[in-house]
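Below, chain A is the first sequence line, B the second, and so on; all start at residue 1.
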Number of protein chains: 2
Amino acid sequence: MIRTKQRELIKNAIMESTTHPTADELFQEIRIKLPTISLATVYRNLNMLASDGVIRKIQMPDMPDRFDWRIAVHDHLYCEKCGKVFDFTLPEALDEQIEQVSGMKVKQYSLVARGICNDCMQHEQN
Amino acid sequence: MIRTKQRELIKNAIMESTTHPTADELFQEIRIKLPTISLATVYRNLNMLASDGVIRKIQMPDMPDRFDWRIAVHDHLYCEKCGKVFDFTLPEALDEQIEQVSGMKVKQYSLVARGICNDCMQHEQN
DNA sequence: ATTAAGAATGATAATCTTTATTATGTGAAG
DNA sequence: CTTCACATAATAAAGATTATCATTCTTAAT
């Protein structure tokens, strides 16, 4: 993995992100600094970084993949009101439980919740 | 939701399935009995049945949606070797835990694991 | 500095799954 | 039987991601 300015910009953009940006959001952001960058390059690098364990790819149904610099095990909650994605961490990882219950070897799992976040709950007028 | 033979066939096909078929797999199967059926109809009806709670839609990253007649809460494990999808059920649902940890209102969640199933473990030659 | 070789890029085509569109057909209530 | 809302078939379109490939960079060695 050689060093290129594209990869550098992509990595920095994620590392500085507070949301969980999609490939396209990162593309739009980086484009301002480096207008010649291609969306394919963004995807390519995000996947490389993810498979190197530098960043994490979050895959949720019905929405584009998102990327996260927080590589420690944690899960995600999508707010159906505001569309934001929040992190949460269960007291203990589920790998073992799943193995016990299923009798299979678990390599990884993804836990994604949908609901309403705190902010949106408070602003609700029902 | 009026009664049509297409809907009937789709529902039956799922109810009799032992795997967790995709829309296209169901389409190919039903096509034999009713060659004029359209893939769009299969999708439309599967989504209707799912939102009516008659069947369940299973969404996993990197593969097409699958459908399941088992509507009771349960989770899924995808075997990376043979490609089959297995069911499992944790001792208790996670909604509450997630709510406590995240402080949000959880409407639903999806837990999908990847790994190696029992059969494939035993046939492995490593 | 030069160069050679591998690796990454940009541009775009292609893929895959799913939904939208629209004209046509059909079930069931009167 | 007629009517009309709803469903269907056929296909176009969308949306996200990956593949392709000619071109351009990086890097390490000369």
Sole candidate of Q6(A), R7(A), E8(A) that passes side-chain hydrogen bond (donor to acceptor under 3.5 Å, both in side chains) when paired with N45(A): R7(A)

Per-pair distances, 0.1 Å, donor-acceptor, side chain in residues 89-104 of chain A, under 3.5 Å, sequence neighbours excluded:
unit_1	atom_1	unit_2	atom_2	d
E99(A)	OE2	V106(A)	N	3.0
S102(A)	OG	I98(A)	O	2.7
S102(A)	OG	M104(A)	N	3.2

At their closest point, which heavy atom of I71(A) faces which heavy atom of V54(A), and how far apart are they? CG2-O, 3.4 Å

Can you name the nearest heavy-atom pair linking L111(A) to Y109(B), along with the distance? CD1-CD1, 3.6 Å

Just wondering, do [Y] and [X] contact through their side chains at under 4.5 Å, heavy atoms?
X	Y	value
I116(A)	K107(B)	yes
Y43(A)	D65(A)	no
W69(A)	L49(A)	no
T4(B)	T41(B)	no
M60(A)	R114(A)	no

Check against side chain to side chain contact (heavy atoms under 4.5 Å, CB included), L46(B) and K57(B): CA-CA 8 Å; L46(B) 288 173; K57(B) 190 198 267 200; over 6 Å; no

Would you check if the side chain of H20(A) reaches a backbone N or O of R66(A) as a donor-acceptor pair within less than 3.5 Å? no

Side-chain (D68(A)) to main-chain (R70(A)) donor-acceptor, under 3.5 angstrom: yes

Provide, to the nearest angstrom, the distance between the [atom1] atom belonging to [X] and the [atom2] atom belonging to [N].
X	N	atom1	atom2	value
K5(B)	dG27(C)	NZ	C1'	11 Å
M1(A)	dA8(C)	CE	C1'	12 Å
L9(A)	dT9(C)	CG	P	11 Å

Return the nearest nucleotide to the side chain of [X]; candidates are [options].
X	options	answer
T4(A)	dA8(C), dA9(D), dA7(D)	dA8(C)
R7(B)	dT9(C), dA7(D), dA8(C)	dA7(D)
I2(A)	dA20(C), dT9(C), dA7(C)	dA7(C)

List, with names and distances, any nitrogen or oxygen atoms from the protein found under 3.5 Å away from nitrogen or oxygen atoms belonging to nucleotides 1-4 of chain D.
none

Any residue of [range] with a heavy atom less than 4.0 Å from an atom of DNA chain C:
range	answer
residues 49-57 of chain A	none
residues 58-70 of chain B	P64(B), D65(B)
residues 11-39 of chain A	T36(A), I37(A), S38(A)

Taking atom NZ of K11(A) as the centre, does the number of heavy atoms from other residues, nucleotides or ligands within less than 6.0 Å exceed 12? no

Does Q6(B) put a side-chain nitrogen or oxygen below 4.0 Å from OP1 or OP2 of dA9(D)? yes

Answer yes or no: does a side-chain N or O of N47(A) lie under 4.0 Å from OP1 or OP2 of dT18(D)? yes

Name the atoms and distances for all side-chain donor-acceptor pairs under 3.5 Å in residues 28-35 of chain B, with sequence neighbours left out.
unit_1	atom_1	unit_2	atom_2	d
Q28(B)	OE1	R31(B)	NH1	3.2

Report which part of the nucleic acid R3(A) touches: base, sugar-phosphate, or nothing (heavy-atom distance under 4.0 Å, all strands). sugar-phosphate

Would you kindly compare Y43(B) and R44(A) by the position of their nearest DNA chain C nucleotide and give the one closer to the 5′ end? R44(A)

